[in-house]
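Everything numeric in this text was worked out from a predicted model, so none of it was measured. Naming convention: chains lettered A, B, ... in sequence-line order (proteins, then strands); numbering from 1 in each chain.
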Protein chains: 2
Amino acid sequence: MLAAERRDHLLELLAREGKIVAKDVAAELGISEDSVRRDLRDLAGEGLCQRVYGGALPVSPAVADYRSRRSVAPEGKLKVAAVAAGLVRLGGTVILDGGTTALAVVHALPQGLACTVITHSPTIAAALIDHPRVEIFLIGGRVFKHSAVACGAAAVEAAQNVSADLCLLGVTGVHPDAGLTTGDAEEAAMKRALSARAADTYVLASSEKIGTASRFRVLPWDGISGLITDADPRQPVIEQLTAQGVEILPAG
Amino acid sequence: MLAAERRDHLLELLAREGKIVAKDVAAELGISEDSVRRDLRDLAGEGLCQRVYGGALPVSPAVADYRSRRSVAPEGKLKVAAVAAGLVRLGGTVILDGGTTALAVVHALPQGLACTVITHSPTIAAALIDHPRVEIFLIGGRVFKHSAVACGAAAVEAAQNVSADLCLLGVTGVHPDAGLTTGDAEEAAMKRALSARAADTYVLASSEKIGTASRFRVLPWDGISGLITDADPRQPVIEQLTAQGVEILPAG
DNA sequence: ACGATACATGCAGAAACGTGCAAGAACAGG
DNA sequence: CCTGTTCTTGCACGTTTCTGCATGTATCGT
């Protein structure tokens, strides 16, 4: 059993079972608990798992319960959301866009995580009420019905007064030529304003968005730090994006 | 069962059930009550739950209350909401406070009514999405968990930029001497700021609020146009208010 | 006021942990 | 092919953490 092989096994086990018990794995693989502990320590160091007494848990405990929730939202969006939730650091500040994928991100956030979420979506804000340690800052403005987010001059102005480490942006189209697009000009402007207030911007792009384009450009490729998607990395569109220097965070 | 896993379980249980009974959980998980108590003590120490005799409750009792209250709006609130919804005129602009009664007002609004609603509650805004002809303006700011509304300096500032015909205000206490009161100073200030931006202010006061007082004064009696309540008009408290010149809109 | 229940504390055994160490494998260079 | 180096792995040891039990105390309901 190679060390790397063992690591993969641990990650797979973690994804499947939702937890790892060091003792059990050691017995199952016929190796010492020390080795398992060492592996888990390394994985935790890379942020791939959360070390706890007796074993390890997924970085976001919500990965386990996404199995139970996947009936609610499409599986792809949940995978993307889980990865996105993993980007949110303890004590950090994140700007969260509206949309169903962003809502899935809220559900994927660990219950006890302490952080600040800035959003222009009343739906997202309402969902966050259930997260006891999340500080919520709501960006007001005229609420656009079709996407249920605050847009317009007042909202853009309000957005100028916030700053964040991370911006998680939803879009409706991800296309090699057209770039990141959405269906409404006001929304596109709002997304730009939000993205500009964060150090890093990651785009939530479940597979059905890949290769499609909508009417209004949101951001150019170099305006984002990366793309989170569950689409096959070997897919031509994705390969093309990778070639263009876009960082791809797989949500396999 | 890992210790950390148990903690997650407790938090999840707390979110789902709204309470934890140490004895029951101990039996369910097959561990000693001591361990459960220790976990609860730790969680309480981190501010993730509120320790009570026999188990634990969510950090802010209001959160759980809010969840249970919003599902079943008591008959009194529905009556009050119906009367309040009747005050909203076609094409008019109304400032709608947060809270369960205000939420009931949203549901009581005629489906096709065209008007503008200004609110600092993400919950109210989200509920209004379903009303196709209602224009929504969201007041942003820091969201206070226990009442799920935007408060604080940013919210008050944002409120200065709107004007309305009508303000429908929720309170937690209506008392002849103490006046209109609520449990949080920030909330009280916010309610004042909202009320100041409307020509008329009506208070939503279902019967259980009548005769009670909370810690912080919202408005004096002459700051409001009237009180909407389902309480018996012959009740001493109501008669006293009438004598003080407060207009009573019965929601019998 | 009293019994019942829940609680905090101290304690001891067990389990998990980190660290240092040595044996062995993989590897590079001579 | 040999040797020195590096990395991995398992073991031993002392330490920390967890858990259940026992004790005495506090709190609740009657």
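Counted by atom type alone, B:Thr182 and B:Lys191 present zero donor-acceptor pairs between their side chains at under 3.5 Å. Looking at A:Ser163 and A:Arg197, their side chains do bring a donor and an acceptor atom within 3.5 Å of each other.
Regarding B:Glu5, its CD atom lies at a distance of 16 Å from the C1' atom of D:dT19, rounded to whole Å. Distance, A:Arg7 CZ to D:dT8 P: 11 Å, rounded to whole Å. Rounded to an integer number of Å, the gap from A:Asp39 CG to D:dC7 P is 16 Å. For the pair B:Arg37 CZ and D:dT23 C1', the computed distance is 13 Å after rounding to whole Å.
The shortest side-chain heavy-atom distance between B:Arg6 and B:Leu29 falls under the 4.5 Å cut-off.
Listed by chain and number, the residues in a salt bridge (Lys or Arg N to Asp or Glu O under 4.0 Å) with A:Glu28 amount to none (sequence neighbours excluded). By the side chain to side chain donor-acceptor pair (under 3.5 Å) test, B:Arg38 pairs with no residue at all, sequence neighbours left out.
Backbone-only contact: B:Val52 has heavy atoms under 4.0 Å from sugar-phosphate atoms and none from a base.
With B:Ser147 as reference, B:Glu187 is the one residue of B:Glu186, B:His120, B:Glu187 to meet the side-chain hydrogen bond (donor to acceptor under 3.5 Å, both in side chains) rule. When each of A:Val174, A:Val83, A:Ile210 is checked for a side chain to side chain contact (heavy atoms under 4.5 Å, CB included) with A:Thr229, only A:Ile210 meets the rule.
Taking 4.0 Å as the cut-off between side-chain N and carboxylate O, B:Arg7 and B:Asp42 do not count as a salt-bridged pair.
Taking only side-chain nitrogens and oxygens, B:Arg6 comes nearer than 4.0 Å to OP1 or OP2 of D:dT19.
Scanning DNA chain C 5' to 3' for nucleotides with an atom closer than 4.0 angstrom to a non-hydrogen atom of chain A gives a first and last hit of C:dA15 to C:dT19.
Listed for the B:Thr101 side chain is no donor-acceptor partner under 3.5 Å among the backbone atoms of B:Lys77. At distances below 3.5 Å, at least one donor-acceptor pair connects side-chain atoms of B:Lys145 with backbone N or O atoms of A:Val134. In terms of modelled atom types and a separation under 3.5 Å, the side chain of A:Thr116 and the main chain of A:Glu135 share no donor-acceptor contact. Judged by distance alone, the side chain of A:His131 and the main-chain N or O of A:Val106 form a donor-acceptor pair under 3.5 Å. A donor-acceptor pair is defined here as one N or O able to donate and one able to accept, closer than 3.5 Å; such a pair exists between the side chain of A:Asp165 and the backbone of A:Thr93.
Each of B:Arg41 and B:Lys23 has a nearest nucleotide on DNA chain C; the 5'-most of these lies closest to B:Lys23.
Contacts between residues 25-33 of chain B and DNA chain D, defined by a heavy-atom separation under 4.0 Å, are made by B:Ile31, B:Ser32.
If one axis is set at each end of the helix from C:dA1-D:dT30 to C:dG30-D:dC1 from five pairs, those axes are 40° apart, to 10°.
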Counting primed atoms plus P, OP1 and OP2 as sugar-phosphate and everything else as base, spell out the protein contacts along nucleotides 25-30 of chain D at 4.0 Å heavy-atom distance: B, S or - for each nucleotide, 5' to 3'. -BBS--
